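Structure first, commentary second.
Order of the sequence lines fixes the chain letters, A, B, ..., with proteins taken first and strands second; residue numbering starts at 1 for each chain. Treat the numbers as computed from the prediction; the structure is a model and nothing was measured.
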Number of protein chains: 2
Amino acid sequence: MPDRLPPLTALRAFDAAARHMSFAKAAEELHVTPAALSFQIKSLEEHLGTQVFRRLNRAVELTEAGRAMAPGMADGFQTLAAAWRAAERTLDNETLTVTAGPAFTAKWLAPRLYEFAQAHPEIELRFSATLKLVDLTRDGIDVAIRFGTGTDEGVYSYPLPADEWVCPVMTPEMAARFPTPDSLRDATLIFDDSIAFLKPPAGWDTWFRMMGIDFAPKAGPRFSQADHAVDAALAGVGVALGRRSVVIKDLDDGRLVAPFPNALDTGVRFRFLCNKGAEMRPQIVAFRDWILTEIEKTTHITDRMIRKPSSDFQAE
Amino acid sequence: MPDRLPPLTALRAFDAAARHMSFAKAAEELHVTPAALSFQIKSLEEHLGTQVFRRLNRAVELTEAGRAMAPGMADGFQTLAAAWRAAERTLDNETLTVTAGPAFTAKWLAPRLYEFAQAHPEIELRFSATLKLVDLTRDGIDVAIRFGTGTDEGVYSYPLPADEWVCPVMTPEMAARFPTPDSLRDATLIFDDSIAFLKPPAGWDTWFRMMGIDFAPKAGPRFSQADHAVDAALAGVGVALGRRSVVIKDLDDGRLVAPFPNALDTGVRFRFLCNKGAEMRPQIVAFRDWILTEIEKTTHITDRMIRKPSSDFQAE
DNA sequence: TAGTCAATTAAGTACAACTTAAGTGAAGGC
DNA sequence: GCCTTCACTTAAGTTGTACTTAATTGACTA
């Protein structure tokens, strides 16, 4: 199909020249002489039948035709370069780039990093803590840990065997002051917007409704990221409604306690995502198996929880 | 920056081979011999340091490295080809590709096409009736007529001087049967979901509220496209709440009438969009000027309307 | 007016990319 | 079991693109 394309080297020369708005700089980037670059542009212009650069005194500027193709050329070559890097990455079995949300990165991955490094000293882990991600290949990501229901088409998707419940968590000192669920009416409640925006929502309102307590708290510190809410609870500010993935490590270590075993199951799960065909790469297998092992280590905490779906306790 | 890229011809050979999953077919596409293509792939594999195709009996299949880069290569070359076509289009001052929504295309553009062709016989108009559009360059579009507030970054955007009001329209026969706004309680009302989904909504409820009539109609034929609702009204089915752009031609020609001059101004406008720098291309100038002239021709209809913002009549 | 900078042109060269032609190995028909 | 066919590979040789150096233009600048 792409038959009518002019010589690709000419396109690359144009791309570089358009990005730098200078033939000399473009020639430098491509490691050729300005003369060679001048020829390439000329050849491109002959193919197109019109000029793509207007030559000024000591500068160049794009013509309309040049402006029309410059963004697409830049985009196209970037895409090719990303694809090439993706191929190169498949040869590298010693690094693994993982992306996850800020909360999961801070509270689940980071505290366990040392253990992974010990188990797999040959693998260098890199992190990219962001929720925005459109394309694994394009962004140079090997593995993404994602929440909820994204579009999994074309990627390998493995749901992690861990239901993401939420339940009240606090420091042991705080737990002594609030012995019953009902006593939480008098506690400082910490709000985590990241769970309030779930569908169905699983916030304090829902939790109290499950407990049969007529209480709809409003006031209290609010955080947009789950890990910040938990950090506040760790600091003794109050009681947070903690998501399993975010609090499980602190519960395991005893820094936080969950005195009331009633938990709301949010119904969403984390999924382990990687490019199709990459799921058998050694470091990706190692990383997935390690995550599964780590989840397994904390099942004793989850098992004593009484979990009920948050969808059962929605205000009508 | 893109310095480490292997020879581009090798990448193009790989792209063709990966798309066809056959060296022979790829060679045919690129008009070279299979031998040449084989060399290109081999060269690519030497650059990468590993195979990208696994050679089977009488077929080839992608290796993991090949799978990793194939989608990106296909995407990248498509983008380059689109950019090149965009540059070629700037040379063509005899065709003009326009996209607009289905309703605007059917009820505004199409009935006036003959006039444009007469005024500009040298310009060949092409249409693409769709609401989905992400990239003018990529989709080969010169001009887009768009509704509401899209992201206009990087494109030339000209708001059309025509406020998009809605008011009840019907055939003249129907108008004789329903002489007052209040009598519309007994009429068959046609619902157009495309205006009901505006923010703020401008449906029958809102119109009756503006008229001070306590009536919230529910039953009646529903259409998802504005032009279908108007077609129903034209067929004598009932009374439609017609958008200016969709009904103005039929009002002008007398096929429809708007007996009640009270119109809801939706607050949104159509915008005329084209790539930056393309706004001075002759056929784009001609098209824009023609649209403005056509709008001017129907101002006498709009001027006798009593227009009030739909936002003033929202249920609280 | 000379000096500098950026792009162009001219002339020549080298190597990438292509050709034809022969070769390999496996599937499939008979 | 043998021969044909098909798809890719390899070898050897040719072509032409893409590059080089070196000289030229043309305009801003000191």
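Contact check for B:E294 versus B:W108: side-chain heavy atoms found under the 4.5 Å cut-off.
The nearest whole Å value for the distance from the CZ atom in B:F39 to the P atom in D:dT10 is 8 Å. Rounded to an integer number of Å, the gap from A:H31 NE2 to D:dT20 P is 11 Å. At whole-Å resolution of the value, CD in B:E45 and P in D:dC8 are 13 Å apart. Summarising the geometry, the separation between CD on B:E28 and C1' on C:dT19 is reported as 17 Å, rounded to the nearest angstrom.
Proximity of A:Q40 to the phosphate of D:dT17: no side-chain N or O atom is located under 4.0 Å from OP1 or OP2. Between A:R55 and C:dT8 there is a side-chain N or O to OP1 or OP2 distance below 4.0 Å. Under 4.0 angstrom from either OP1 or OP2 of D:dC8 there lies no side-chain N or O belonging to B:K42. An OP1 or OP2 oxygen of C:dT8 is reached within less than 4.0 angstrom by a side-chain nitrogen or oxygen of A:S38.
Using modelled atom types, no side-chain atom of B:E61 and backbone atom of B:R54 make a donor-acceptor pair closer than 3.5 Å. The backbone N or O of B:T95 lies less than 3.5 Å from a partner atom in the side chain of B:D92, making a donor-acceptor pair.
In this structure, A:A35 and A:P7 both approach DNA chain D, and ranking their closest nucleotides by distance from the 5' end singles out A:P7.
Put simply, the residue from B:L109, B:V98, B:D142, B:V143 that forms a side chain to side chain contact (heavy atoms under 4.5 Å, CB included) with B:L125 is B:V98.
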